[in-house]
Amino acid sequence: MKTKLKGAVTGHSLLKKKSDALTIRFRRILANIVENKQLMGTTMRDASFSLAAAKYAAGEFSNSVIENVSTPTIAVKMTTENVAGVHLPTFEKISEGVVSNSQELTGLSKGGQQINKSRESHIKAVEALIALASLQTAFITLDEVIKITNRRVNAIEYVVKPKLENTISYIITELDESEREEFYRLKKVQGKKKKDLKAKEAQKEENSANKTIIEPASVQKVRSLIDDEPEEAELLYEDN
């Protein structure tokens, strides 16, 4: 039981440290999410304004851009980051495709500069979205893990540890009670032996005293009998 209690205390300490580390990372991610969302508003607004300016300068070019797209301009790769034993998914931009010749010719007649500005603004917006998606995914994952870890910490602290401590206390109490009963039994046995020994000694003393009393009486009786015999002899002689 003491080994189990020691293991529970160690596990509680480790889980508490893990919960603290995850909470610190959780708050840091939350601060980054707030900051990125504020920047996201500005970035998306600039992208929308640049798109409107490009359409105003070059006219409607959306269909032309969609038709000329063959490879993605931005690729996203998902990796994992280990934080206190928790694997957090993160998204990273790993490559940026080369703009095709047909796309470069878009807006050649008019509005080419505005189209390039719109393209750069939207690339920044996509990068901000990737960063925000990574932060929010890690935020949700950490939130679930922190809840589970806190439930385990509370279970160990308020259920497992008190149960083990009560069990150990009960066992110690029973052992102490058994030890007291054994001590009392041994004490009673020793007292009985001493009492029997005293009784035997008293019996011996009484027997020896009786012997000393009986022996002088018998000797005196024999002596009295010896002393009485000449008198009887004298009486018999005088009668003759």
Side-chain angles (χ1 to χ4, degrees), residues 1-33 79-90 135-229:
M1 282 297 174
K2 289 184 177 180
T3 305
K4 289 183 179 180
L5 180 60
K6 185 178 179 181
V9 172
T10 304
H12 176 269
S13 177
L14 293 175
L15 287 175
K16 188 67 175 175
K17 291 179 181 178
K18 178 180 179 181
S19 177
D20 294 340
L22 293 177
T23 303
I24 292 172
R25 185 60 183 269
F26 180 79
R27 292 175 180 174
R28 189 183 304 167
I29 290 174
L30 180 60
N32 291 333
I33 288 175
T79 59
T80 57
E81 182 182 0
N82 191 353
V83 179
V86 180
H87 298 283
L88 299 178
T90 57
L135 289 172
Q136 287 187 338
T137 305
F139 179 84
I140 294 172
T141 305
L142 276 179
D143 186 30
E144 294 297 326
V145 173
I146 287 172
K147 288 180 181 178
I148 295 172
T149 305
N150 287 335
R151 282 198 294 267
R152 290 176 179 175
V153 170
N154 292 332
I156 292 175
E157 184 175 359
Y158 297 107
V159 177
V160 177
K161 284 176 64 178
K163 185 177 180 181
L164 291 175
E165 289 174 353
N166 292 333
T167 304
I168 290 172
S169 178
Y170 174 76
I171 292 173
I172 291 174
T173 303
E174 289 297 322
L175 290 176
D176 291 340
E177 184 68 23
S178 176
E179 185 177 356
R180 285 193 294 269
E181 291 178 356
E182 185 68 18
F183 178 75
Y184 179 76
R185 187 182 67 81
L186 292 175
K187 190 174 180 181
K188 293 293 288 184
V189 170
Q190 289 179 355
K192 184 69 168 57
K193 288 182 178 180
K194 289 180 180 180
K195 187 176 180 181
D196 294 341
L197 183 61
K198 288 182 179 179
K200 288 181 180 180
E201 291 178 354
Q203 186 67 28
K204 288 181 180 180
E205 291 177 356
E206 185 178 356
N207 292 335
S208 61
N210 290 334
K211 286 181 180 180
T212 54
I213 293 171
I214 291 171
E215 286 179 357
S218 60
V219 171
Q220 186 177 3
K221 185 176 180 181
V222 171
R223 287 179 179 176
S224 63
L225 290 174
I226 293 171
D227 292 338
D228 291 341
E229 286 179 358

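Computed from a predicted model, the values in this text were never measured in an experiment.
In this structure, the separation between OG1 on Thr173 and CG on Asn166 is 10.0 Å, given to the nearest 0.5 Å. Rounding to the nearest 0.5 Å gives a distance of 10.5 Å between CG of Leu175 and CZ of Arg180. One finds the CD1 atom of Ile29 at 10.0 Å from the OG1 atom of Thr137 (value rounded to the nearest 0.5 Å). Here the OG1 atom belonging to Thr23 is positioned 8.0 Å from the NZ atom belonging to Lys16, to the nearest 0.5 angstrom. Here the NZ-NZ distance, from Lys195 to Lys188, works out to 8.5 Å after rounding to the nearest 0.5 Å. Thr149 contributes atom OG1, which lies 12.0 Å from atom CG of Leu14 (distance to the nearest 0.5 angstrom).
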Q) How far apart are the C-alpha atoms of Lys18 and Val153, what are their side-chain angles, what is the distance that settles it, and do they pass the side-chain contact (heavy atoms from CB on, under 4.5 Å) test? A) CA-CA 10 Å; Lys18 178 180 179 181; Val153 170; over 6 Å; no
Q: Carefully, step by step, assess Glu165 and Ile168 under the rule side-chain contact (heavy atoms from CB on, under 4.5 Å).
A: CA-CA 5 Å; Glu165 289 174 353; Ile168 290 172; 5.8 Å; no
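Distance alone, capped at 3.5 Å, places no donor-acceptor pair between the Asp143 side chain and the Phe139 backbone. For Thr90 (side chain) and Thr79 (main-chain N/O), a donor-acceptor pair under 3.5 Å exists by modelled atom type. Panel note: side chain Ser178, backbone Glu174; no donor-acceptor pair is recorded below 3.5 Å.
Between Lys192 and Asp196 there is a salt bridge, with a side-chain nitrogen of the basic residue lying less than 4.0 Å from a carboxylate oxygen of the acidic one. Residues Lys198 and Glu201 are not paired through a salt bridge, judged by the lack of any N-O separation under 4.0 Å between the basic side chain and the carboxylate.
Within a 6.0 Å radius of NZ in Lys161, more than 12 heavy atoms belonging to other residues, nucleotides or ligands are found. Within 6.0 Å of CD on Glu179 lie no more than 12 heavy atoms contributed by other residues, nucleotides or ligands.
The two residues Pro162 and Ile156 come nearest to each other via the heavy atoms CD-O, 4.1 Å. Taking all atoms of both residues into account, the shortest heavy-atom contact from Asn32 to Leu135 is CB-CD1, 3.7 Å. The shortest non-hydrogen separation linking Leu22 to Val83 is CD2-O, 3.6 Å.
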